[in-house]
Amino acid sequence: MDFRFELIMDYLPFFLRGTLYTIGISLLGILFGTILGLLIGLGKMMKNKILAFPFLLYISFFRGTPFIVQIFIIHFGVVPAIIGTTNGIAAGIIGLSLNAAAYIAEIFRAGIQSIDRGQMEAARSLGMNHVQAMRYIILPQAFKRMIPPLGNEFIVLLKESAITALVAVPEIMYWGRAFQGQYYRVWEPYLTAAFIYFILTLTLSYLLSRLEKRLATE
Amino acid sequence: MIKVEKLKKSFGANEVLKDINASIKQQEVVVVIGPSGSGKSTFLRCLNLLESITGGHVFIEGIDITAKTTDINKIRAEVGMVFQQFNLFPHKTVLDNIMLSPIKVKKIDPAKAKEKALELLRKVGLEEKADAFPDSLSGGQKQRVAIARALAMEPKIMLFDEPTSALDPEMVGEVLEVMKQLAKEGMTMVVVTHEMGFAREVGDRVLFMDGGYIVEENVPHELFDNPQHERTKAFLSKVL
């Protein structure tokens, strides 16, 4: 096997720009997915089953269908219906956010429900209303427990972002495919892409484990 | 101070409280005893609506707490509760456990709340633990902090739900001592407990519950030395 580093060097500027796109859409996906996930998780926990049902449906749909199908629906259907034209980056961010929100909602729900009932009772017995008890007592404790599964989800999201290459988001995998198309090479583009993704996920999991340790000692 | 009328409570098909009538006067210490499953903890938890009530009424200082118009948070701020499992907030220091509700619910100035919290910690003998986290305390210390936390809201009534049942035997005394002190100061207290010695010594009145009813109630020495009902006699013969 001849491995042609000079081709990689040729494509390096594109890969670096692609990396910025990957980081950008992943961070936005994490941000919106987390906010949306919290709301959906709280929605699913509502005692009124009828009100909770739409949230249950949302989670079931996004967990029960492939991400690539979701993103095609968003890219070719939803985004054009809203803005009149396709936009890969918008579709990518929306798709990642909506998909992650379904998983994050479940992480939030599990985290909140893992806190002993006595904590809520003690808070309420001291005169706090439900929102105060959630804010000062339940959520701070639940959040600590959510960090490991949330970290997992963030890593999954970062990797899933590669699929947005198929709707022409110029991220790492997009340039990998372009590289393959231009030079008819397989090893160079995809090993490079794998290497970059690996560095990104390693960095992310390092940051998350530091956060976890810091919260544990607090 | 507390009036309970025809109180009923069911969990699904299981009727735990069948027809409870009781009244508790200001400064009175009422001790509730009975076999496990008799409904005594549920009864206590109905007094601040930690359990929703299936039927009947509970009045706290004349206010029907089951009425839709009643702000239950306001009532709860005046009714302190101490739990069997302490339920301290593990992510907050002892001081923050005590100060949190006065600051957030009663909107008391944090500096004043801190002063009050330290005073309460002195009272329960744990001033040096102000900055400790609950995990580092013994069971008895945790329960004393929990009592201080409830007192920080300056409640008119204190409810104790088996406060010493989760403690190692050598730590029971320190908690009962704090409760005795509280009773001496004139706090209105309802105490669910298995500590018959405490009931006899501190209680103004003892309620014996069984099968969802208050079977018998009397001043302690009468109830313990001269029980009238068969079920009371049977229970006392096992625990005394």
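A, B, ... follow the sequence lines: proteins, then strands. Residue 1 opens every chain. Everything numeric here is computed off the predicted structure, so don't read it as measured data.
Atom CZ of A:Phe195 is surrounded by 12 or fewer heavy atoms from other residues, nucleotides or ligands within 6.0 Å. Residue-environment remark: CZ (A:Phe76) exceeds the threshold of 12 foreign heavy atoms within 6.0 Å. Remark: A:Arg177 CZ is loosely packed, at most 12 non-hydrogen atoms of other residues, nucleotides or ligands lying under 6.0 Å away. Residue-environment remark: NZ (A:Lys159) stays at or below the threshold of 12 foreign heavy atoms within 6.0 Å. Residue A:Tyr206 places its OH atom among 12 or fewer non-hydrogen atoms of other residues, nucleotides or ligands, all under 6.0 Å distant. The neighbour count for A:Phe67 CZ, taken as heavy atoms of other residues, nucleotides or ligands under 6.0 Å away, is above 12. No more than 12 heavy atoms of other residues, nucleotides or ligands sit less than 6.0 Å from atom CD1 of A:Ile50. Crowding of B:Lys114 atom NZ: a count of heavy atoms from other residues, nucleotides or ligands under 6.0 Å not exceeding 12.
Heavy-atom distances place the side chain of B:Phe83, and not its backbone, under 4.5 Å from chain A. In this structure, chain B has a heavy atom under 4.5 Å from the side chain of A:Arg117, while its backbone stays farther away. Residue B:Lys92 touches chain A through its side chain alone, counting heavy-atom pairs closer than 4.5 Å. The contact between B:Leu88 and chain A is made entirely by backbone atoms, counting heavy-atom distances below 4.5 Å. For A:Gln132, the part lying near chain B is the side chain, with the backbone staying farther off; criterion is any non-hydrogen pair under 4.5 Å.
The distance from atom CZ of A:Arg124 to atom CD1 of B:Ile72, rounded to the nearest 0.5 Å, is 8.5 Å. The distance from the OH atom of A:Tyr136 to the CD1 atom of B:Ile103 is 10.0 Å, given to the nearest 0.5 Å. Here the straight-line distance linking atom CG of B:Asp161 with atom OG of A:Ser125 works out to 11.0 Å at 0.5 Å rounding. To the nearest 0.5 Å, atoms CG (A:Leu126) and CG (B:Asn97) are separated by 9.0 Å.
Taking B:Val105, B:Val82, B:Leu159, B:Val79 one by one and counting their heavy-atom pairs under 4.5 Å with chain A, the maximum is reached by B:Val105. Ranked by heavy-atom pairs under 4.5 Å with chain A, the list B:Arg149, B:Gln85, B:Met81, B:Lys74 is led by B:Arg149. Top candidate by heavy-atom pairs under 4.5 Å with chain A, chosen from B:Glu78, B:Arg45, B:Lys104, is B:Lys104. The choice from A:Glu121, A:Met128, A:His130 that makes the most heavy-atom pairs within less than 4.5 Å of chain B is A:Glu121.
Side chain of A:Gln141 to main chain of B:Phe89: no donor-acceptor pair is present (N/O by atom type, distance under 3.5 Å, no hydrogens or angles). Formation of a donor-acceptor pair under 3.5 Å by the B:Asn87 side chain with backbone atoms of A:Gly118 is found in this model. Side-chain atoms of B:His91 never come within 3.5 Å of backbone atoms of A:Lys144 as a donor-acceptor pair (strictly under, hydrogens ignored).
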